[in-house]
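Structure record follows, encoded as C-alpha cells.
Side chains are part of it too, since the values below use all heavy atoms of this structure and drop only hydrogens, waters and symmetry mates.
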Amino acid sequence: MFVSVKISAKIVASIAVVLLLCTIAVVNSGASNLHMYDGVRTQDIIAGDVFFEIVDPPELEYTYRIRPAKDFGTSFEAASSKVTEGKLVPAIPSDACEPHFINEKDLRGNIALVERGECSFLTKAINIEKVGGRSVIITEIDSSSDDYDYYIEMIHDKTDRETHIPAAFLLGKNGLIIRKTLAKLHLRYALINLPVNLTFVAPHQINQPPWLQW
C-alpha cells in the first residue's frame with residue numbers, strides 16, 4: 001500500500017510539472033495570445049504593454065496591443081498623448097527614415113503608422129516628431145520576415161538624441177492588415193482611441209482581431 005501511494009504521488013507531481021511547463025510555453029509562444037485560462041488577470045499578462053482600439057472603419061474595429069519603446073520616448077499615459085477618435089495615419093514613405101513625408105499634413109497632430117527597417121526606431125520617432133506627429137506606432141509589414149509574428153523590443157540607438165513623443169511596436173500581422181484595409185477602402189487614416197484601459201477586463205473578453213491566434 002505504501003509503495004502504491006508513493007508512486008501515485010510521483011505521478012501527480014509529474015502531471016503538475018507538465019501542466020506548469022505547458023502554461024509557460026503558451027504564455028511565451030504567442031505574445032499576441034491573451035486568451036489563457038480562467039483566473040488569469042489581464043494585468044498579469046500584458047505587463048507594460050498598451051492597447052488602442054480602432055473605431056472606424058468598421059472592418060478594423062478591434063482592440064490592438066502595442067509594446068512601448070524600452071528606453072526612449074515618453075509615455076502613452078501622459079495627458080498630451082491620449083486621443084479619442086484620433087487619426088492613425090500610415091506614413092508616406094512608410095519607413096520614416098527622413099523627415100519628409102508626402103502626407104505631412106495628415107501626420108501633423110496625429111499618430112503615425114510606420115514600417116520597420118532601413119533606420120533605427122529612434123530615428124523614425126524623431127522624424128515623425130519633427131513634422132508634428134503626436135506619437136508613432138512601428139510595425140513589421142513584411143510577412144516573409146522571421147519577426148512578423150513577434151513583438152520587437154524597441155531600444156535606443158545609443159546616439160546623442162532623444163524624442164519627446166511616445167513610440168511603440170505593433171504586431172506585424174496587425175500592421176499589414178491595417179495598411180491593406182485602409183488602402184483597399186481608399187482611406188488616408190483610421191480613427192482610434194489610445195490608450196484603452198483593460199485592467200479590469202478578462203482576457204477572453206478583449207476584442208482582439210480574428211486573424212490572431214487565440
Going from [atom1] on [X] to [atom2] on [Y], what distance comes out if it is rounded to the nearest 0.5 angstrom?
X: Asp71; Y: His156; atom1: CG; atom2: NE2; answer: 6.5 Å
X: His204; Y: Ile206; atom1: NE2; atom2: CD1; answer: 10.0 Å
X: Arg134; Y: Asn110; atom1: CZ; atom2: CG; answer: 7.5 Å
X: Ile141; Y: Arg116; atom1: CD1; atom2: CZ; answer: 12.0 Å
X: Ile111; Y: Ile192; atom1: CD1; atom2: CD1; answer: 4.0 Å
X: Ile178; Y: Tyr189; atom1: CD1; atom2: OH; answer: 16.0 Å

Next on the checklist: Please tell me whether Thr163 and Glu129 have a donor and an acceptor in their side chains that are separated by less than 3.5 angstrom.
Outcome noted: yes
Would you say the side-chain atoms of Thr123 and Arg161 include a donor-acceptor pair closer than 3.5 Å? yes
Is it true that [X] and [Y] fall in one hydrophobic cluster, defined by side-chain heavy atoms closer than 4.5 Å?
X: Ile128; Y: Met154; answer: yes
X: Ile66; Y: Trp211; answer: yes
X: Leu88; Y: Leu171; answer: yes
X: Leu113; Y: Leu185; answer: yes
X: Leu187; Y: Tyr62; answer: yes

- Query: Do Leu182 and Pro57 come within less than 4.5 Å of each other through their side chains, counting heavy atoms only?
  - Reply: yes
When you compare the side chain of Asp149 with that of Lys173, does any pair of heavy atoms fall below 4.5 Å?
yes
Closest contact, heavy atoms only, [X] versus [Y]:
X: Phe76; Y: Val136; answer: CZ-O, 4.4 Å
X: Pro195; Y: Lys82; answer: CD-CG, 3.6 Å
X: Ser81; Y: Thr74; answer: OG-OG1, 4.4 Å
X: Arg188; Y: Asp106; answer: NE-OD2, 2.8 Å
X: Ile152; Y: Phe121; answer: CG2-CZ, 3.9 Å
X: Pro99; Y: Val131; answer: O-CG1, 3.7 Å

So, does [X] use its side chain to make a donor-acceptor pair with the main chain of [Y] at under 3.5 Å?
X: Asn174; Y: Thr139; result: no
X: Asn127; Y: Ala96; result: yes
X: Asn103; Y: Ile92; result: yes
X: Asp157; Y: Leu122; result: no

Residues 84-102 vs side-chain hydrogen bond (donor to acceptor under 3.5 Å, both in side chains), sequence neighbours excluded, gives Ser94-Glu115
Report task. Check the surroundings of atom CD in Glu162: do more than 12 heavy atoms from other residues, nucleotides or ligands lie under 6.0 Å from it? Result -> yes
Can you classify the ring geometry of Phe52 versus Tyr64 as parallel (below 30°), tilted (30 to 60°) or perpendicular (above 60°)? parallel
